[in-house]
Number of protein chains: 2
Amino acid sequence: MTKQVKIDRGTGVSVWRQISEWLRAEIASGAFVAGERLPTETDIAERFSVNRHTVRRAIAALTADGILRADQGRGTFVASTPINYPIRKRTRFSEIISSQDRTPSGRTIGSGQDEADALLALRLDVPPGTQLLRIETLRVVDGAPVLVATSWFEAERFRDAVGVYEATHSFTEVLKSGGVHDYERKESRISAELVEPQDALHLGIASGQPVLVVESVNVDQDGRPVQYTSTRMVAERMQLVIES
Amino acid sequence: MTKQVKIDRGTGVSVWRQISEWLRAEIASGAFVAGERLPTETDIAERFSVNRHTVRRAIAALTADGILRADQGRGTFVASTPINYPIRKRTRFSEIISSQDRTPSGRTIGSGQDEADALLALRLDVPPGTQLLRIETLRVVDGAPVLVATSWFEAERFRDAVGVYEATHSFTEVLKSGGVHDYERKESRISAELVEPQDALHLGIASGQPVLVVESVNVDQDGRPVQYTSTRMVAERMQLVIES
DNA sequence: GGTAATTTGTTCGTATGTATC
DNA sequence: TGATACATACGAACAAATTAC
């Protein structure tokens, strides 16, 4: 149900600009959603009875504005504006997402008990082999999965971590259940990898796509590590922001 | 030219641990470089006249320590120890690298003049179309390329940016040439992508490999943007650290 | 794995409209 | 009015990248 649009020549507004404004309006109205492929340059050119170069000029203008993204051989796509994810001492996923007029949600995708390997032992400052509880969650923004996170807690201190998280969906409550009433993020380590097959399924992306990997440690009021989390984010939909 | 090593039994140090320490030393000495595949478990077992299970025990210990990485169906590899790259207000590549007992170097791989597109205009707070000078550099650590960076400066203010950089290899000097005697990093934006073909050549990695993309803005003493930089880092060799 | 089809990217050339001196 | 410069628009052919079969 696309509105019929005529190209008016000799109006003082160039043809490419009229097409550019039409495209901009279509995208704004939701006729083309983020990530969707536009009709081919040839199709648009035929639709308005103009030369393909004229369409390319219109697309180039929107590409420069970051509204479109053209991939040779694949097509032209509505650029998905990445979610800004600030890294601070206290970051709450839902607050960050809501502040950008998006709708957050999430669900638990797994849990269990592990022994601390060398890395976990180092980060949580416990002896290797210590029993740890693991909680895996999937976070969704505007209906699209954006990250999977795996958190570990010392089993002895946070005996019912899994139960508390299931009931409240809040890591703050899990930490409270172990007597931690205040906590903050100590450090974050950021890297990137190709997505693991299992994560790819949860995130709904193809294998071979990159993910941002953020490893973070929460410490209690005394500076002792209480939670270690490994987060894998869909790189295309996420941009980490550090305000130094 | 591997040093001959004997296994001593009954010394209070288990055989698997002796093999494990030998491997650790070989890797530290550079006999096996990061990414290299180890000899098969059978080969190592024969070399020391021990059972293959003993070798597996040694490898498992190093894997737990993150020194080796076993890929099902491919083999066991020396894990590339990532370079820790802290993001702070003042980050100097050479200082960061040197502090980790590594040897930094770099060279200019390109320069030129561009008009500011929408993104550059936004980040540098100039009108779109403003003339900008571009400097592209390649940074190398211990002989291996780790990142390529593209920096833009306002052409009018930093007329001889390219010349100054060529002569001094210092962005501090470039900024001085435009009257900026103090500057700091305002914000950093981190994402990940698959490497661009041209970057892949410079970085010496295969296409399809992920890169960490860091966009950063330097501001002068009055808080005005003076330098915008896009850095693409080999994800496998880099880990960004944010101490919040 | 190889081939053909699809789609964007690049480079020629030609013609026309518009603003300025 | 004429000369000039620049942006706009059309046409054709080919290159490069991706996808489908």
Side-chain angles (χ1 to χ4, degrees), chain A residues 2 4-27 31-81 194-195 197 200-201 203-211 234-237, chain B residues 73-74 110 112-121 127-131 134 136 148 150 155 192-211 213 230 232:
Chain A
T2 302
Q4 193 61 30
V5 178
K6 258 203 352 266
I7 296 297
D8 296 320
R9 289 165 194 268
T11 59
V13 180
S14 57
V15 175
W16 70 262
R17 179 159 282 275
Q18 291 182 54
I19 293 175
S20 166
E21 293 306 327
W22 168 76
L23 263 173
R24 195 189 286 269
E26 288 290 289
I27 292 163
F32 298 121
V33 298
E36 189 176 352
R37 206 185 76 172
L38 293 186
T40 66
E41 296 172 349
T42 312
D43 284 351
I44 299 176
E46 282 179 3
R47 172 162 178 354
F48 292 109
S49 303
V50 298
N51 191 275
R52 182 168 153 246
H53 284 297
T54 310
V55 175
R56 284 182 60 73
R57 183 86 161 83
I59 288 174
L62 295 178
T63 303
D65 282 347
I67 292 172
L68 295 179
R69 186 171 44 83
D71 287 356
Q72 188 173 156
R74 302 209 319 133
T76 305
F77 300 83
V78 178
S80 49
T81 56
L194 298 182
V195 66
L201 288 175
L203 295 171
I205 59 178
S207 70
Q209 289 301 107
V211 286
V234 179
E236 202 191 17
R237 300 181 200 140
Chain B
R74 295 211 312 139
Q113 188 156 357
D114 301 322
E115 289 191 350
D117 63 13
L119 177 67
L120 286 169
T130 304
Q131 290 298 316
R134 168 177 37 82
E136 291 175 272
V148 285
T150 310
E193 297 174 1
L194 298 181
V195 66
E196 302 279 335
Q198 189 151 6
D199 286 347
L201 288 176
H202 286 128
L203 294 171
I205 59 177
S207 71
Q209 290 302 107
V211 287
V213 181
S230 163
R232 287 86 70 200

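Here is the naming used below: chain letters follow the sequence lines, and residue numbers restart at 1 for every chain.
Between H53(A) and T76(A), the residue whose closest nucleotide on DNA chain C is further toward the 5' end is T76(A).
The nucleotide range of DNA chain D contacted by chain A, defined by atoms under 4.0 angstrom from heavy atoms of the protein and reported 5' to 3', is dT8(D) to dT19(D). Put simply, chain A comes within 4.0 Å of DNA chain C, heavy atom to any atom, from dT7(C) to dT11(C), going 5' to 3'.
Using a 4.0 Å heavy-atom cutoff across all strands shown, R69(A) reaches no nucleic acid atom at all. As judged by a 4.0 angstrom heavy-atom cut-off over every strand, R52(A) is placed among the base-contacting residues.
R237(A) CZ to I205(A) CD1: the interatomic distance, rounded to the nearest 0.5 Å, is 7.0 Å. The distance from atom CG of L194(B) to atom CG of L194(A), rounded to the nearest 0.5 Å, is 7.0 Å. Here the straight-line distance linking atom CG of L62(A) with atom CG of L68(A) works out to 5.0 Å at 0.5 Å rounding. Separation of atoms CZ (R57(A)) and CG (N51(A)) is listed at 13.5 Å; rounding is to 0.5 Å.
In this structure a side-chain-to-backbone donor-acceptor pair under 3.5 Å is present from Q18(A) to D8(A).
Each of I59(A), V15(A), I44(A) was evaluated against T54(A); a single residue qualifies, V15(A), per the side-chain contact (heavy atoms from CB on, under 4.5 Å) test.
Pairs of residues two or more places apart, or lying in two chains, that qualify as ring pair (Phe, Tyr, Trp, His ring centres under 6.0 Å) and include a residue from residues 47-69 of chain A are W22(A)-F48(A).
A pairwise comparison of heavy atoms in A70(A) and T76(A) identifies CB-OG1, 3.9 Å as the closest pair.
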